[in-house]
Amino acid sequence: MVEGLAGDAVAHAALLRAVAPLLRAFYRRRVGHDDAIEDLVQETLIAVHTRRISYDRDRPLLPWLFAIARYKMIDHFRRSGRTGPVADAEELPAATDTEEQVNARLDLEQLLSTLPERQAGLIREMHLEGRSVAEIAHRSGIGESAAKVSIHRGLKALALRIRQVGQ
Amino acid sequence: MNTDALIDALARTVTPVPARSASRRLMLSLIGGTLITLALILSALPIRPDIASAIHSFAFWMKLSYTAAVGVLATRAMARLARPEPVRLIAFWPVLLPLGALAVIAIVQMSQTPTADWGAMWLGHTYRQCSARILLLSLPILAAFFWWLRQLAPTRPRAGGAVAGLAAGGWGATLYGLHCPEVTALFVVTWYSLGMALGGIAGALLGHRSLRW
């Protein structure tokens, strides 16, 4: 982010590319329609870009990012006429997230993005959201054993990739 | 447009944002707005003729401290609300501290004054114009603050507009003190506060409409 603020186009693009999957995961958990999710991701990326002056370099990035995402989500609900409670600020990543935690999440998302989308989604649900295999299988409409196998293979592929990166 | 293409397009237009550029622009807007307000005062209202002796009086500094304190505290609150991070509005309660302090001074002054004179203390000579003039004088500063806020990302547009209006009222009232000859705390705590609060209400109404993004 800081290099992007300095006007480095490559770093700026890398940042936007890195946060896009985080935003997609954020909206997927909270917004129903798939086409709305990608619109919201794009709107948020534009806001991150045009309003980057509002980011304070001395403060953690994620609370800033997700506050923008949340604002865009509320705006979306307002336009589409949905009323009712919206996920609270408490659910957002803690303001105390350290840079290391942020980097770890970004690394993880980057690794997951090397897997097929469906498989990455299963792993996310199982290991990041803590759902049970039965629930995941039911939600994605596949058999339990198929889900298990897919997750297992996905994790194996990730492990292999980490070893490759390490060498 | 797909997201990757969008990212490339955005990255092509990236320009450097120097560190502290948000606070620098805030200072710029504050200075620009107060200069316009100052010009309005100098052209439309006479500076109080006794200004040279008045600056040695308690009343002059009491007014100045009160309004400038509101200006500083509300400007800080505005700067916080301009950043899109989760925020609790209750955290801004110190904005009300100057009002409480001045109310105490007003009560002390009243206790030292015969009851029959309280009415004159309260209305002074200029109560009819005071609040409206403060509101008008705060408008250039409010416009400058909105220019600034619209570049940032206030996630609470109404609250952001309200503190911007209150801050503009505080700075406008501080400059109005150059003209205003009133001396009692009871007058200031009523009519100055009313003028600044009107600024806050104007800011909240305008913010709700024009600070969305």
Side-chain angles (χ1 to χ4, degrees), chain A residues 1-21 23-24 37-72 74-75 78 88-95, chain B residues 1-29 76-91 145-161 164 207-213:
Chain A
M1 181 81 194
V2 172
E3 283 153 26
L5 286 175
D8 181 339
V10 177
H12 190 60
L15 170 87
L16 295 179
R17 251 181 257 290
V19 299
L23 294 172
R24 220 164 274 135
I37 290 173
E38 208 52 30
D39 284 353
L40 279 167
V41 169
Q42 295 196 357
E43 267 184 53
T44 309
L45 289 174
I46 292 172
V48 163
H49 172 74
T50 56
R51 304 202 172 247
R52 60 193 188 282
I53 190 176
S54 71
Y55 174 66
D56 180 342
R57 282 155 225 244
D58 302 332
R59 302 175 63 83
L61 175 65
L62 282 192
W64 177 79
L65 175 73
F66 285 116
I68 293 177
R70 182 168 183 271
Y71 179 79
K72 287 293 176 191
I74 293 171
D75 198 42
R78 191 184 293 125
D88 236 11
E90 275 75 345
E91 275 185 35
L92 300 180
Chain B
M1 188 192 258
N2 80 42
T3 305
D4 276 335
L6 174 76
I7 290 173
D8 289 334
L10 292 177
R12 267 196 298 279
T13 65
V14 74
T15 50
V17 175
R20 309 259 149 248
S21 67
S23 36
R24 260 207 301 275
R25 287 185 200 180
L26 174 57
M27 281 311 291
L28 193 70
S29 70
R76 288 176 59 123
M78 175 181 78
R80 173 63 190 83
L81 281 168
R83 269 190 292 116
E85 284 165 32
V87 66
R88 287 172 187 282
L89 296 185
I90 193 77
F145 281 163
F146 267 58
W147 165 80
W148 181 75
L149 277 174
R150 286 171 59 93
Q151 302 170 41
L152 279 99
T155 50
R156 312 281 298 260
R158 211 186 310 236
H208 183 57
R209 302 171 69 92
S210 72
L211 292 180
R212 294 254 181 89
W213 46 280

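Fair warning: this is a prediction, and the values are worked out from it, not measured in the lab. Chain naming here is simple, since letters A, B, ... match the order of the sequence lines and numbering starts at 1 in each.
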Below 4.5 Å from any heavy atom of chain A, which atoms of L6(B) appear? Answer side chain, backbone, both or neither.
side chain
I53(A) and Q151(B): which non-hydrogen atoms are nearest, and at how many Å?
CG2-O, 3.4 Å
Using modelled atom types and a 3.5 Å cut-off, is there a donor and acceptor pairing between side-chain atoms of R70(A) and backbone atoms of E85(B)?
no
With respect to chain B, which residue among L65(A), I46(A), D75(A) yields the maximal number of heavy-atom pairs within a distance under 4.5 Å?
I46(A)
For atom CZ of R150(B), is the number of surrounding heavy atoms from other residues, nucleotides or ligands below 6.0 Å larger than 12?
no
Are there over 12 heavy-atom neighbours, none belonging to R156(B), within less than 6.0 Å of that residue's CZ?
no
Please tell me if the side chains of T155(B) and K72(A) come closer than 4.5 Å, counting only heavy atoms from C-beta onward.
no
Turns out that what part of L15(A) lies under 4.5 Å from chain B's heavy atoms comes down to neither
Quick one, R17(A) and D4(B) - any side-chain contact, counting heavy atoms below 4.5 Å?
yes
Name all residues meeting the side chain to side chain contact (heavy atoms under 4.5 Å, CB included) criterion together with R76(B); count only those two or more places apart in sequence or in a different chain, and write none if there are none.
V72(B)
Out of A19(B), S21(B), A22(B), which one racks up the most heavy-atom pairs below 4.5 Å with chain A?
A19(B)
So do the side chains of R52(A) and T15(B) get within less than 4.5 Å of each other, counting heavy atoms only?
yes
So which atom in I68(A) and which in P84(B) form the shortest heavy-atom distance, rounded to 0.1 Å?
CG1-CG, 3.7 Å
Chain A heavy atoms under 4.5 Å from A82(B): which part of the residue, side chain, backbone, both or neither?
backbone
Sequence neighbours excluded - salt bridge (charged side-chain N to carboxylate O under 4.0 Å, His left out) pairs with any residue from residues 10-21 of chain B:
D58(A)-R20(B)
Of all heavy-atom pairs between Y71(A) and P154(B), which one has the smallest distance, and what is that distance?
CE1-O, 4.1 Å
Minimum heavy-atom distance between L45(A) and L10(B), given as atom pair plus value:
O-CD1, 3.8 Å
Considering non-hydrogen atoms only, spot the tightest contact between A153(B) and S54(A) and give its length.
CB-OG, 3.8 Å
What distance do H49(A) atom NE2 and I7(B) atom CD1 have between them, rounded to the nearest 0.5 Å?
11.5 Å
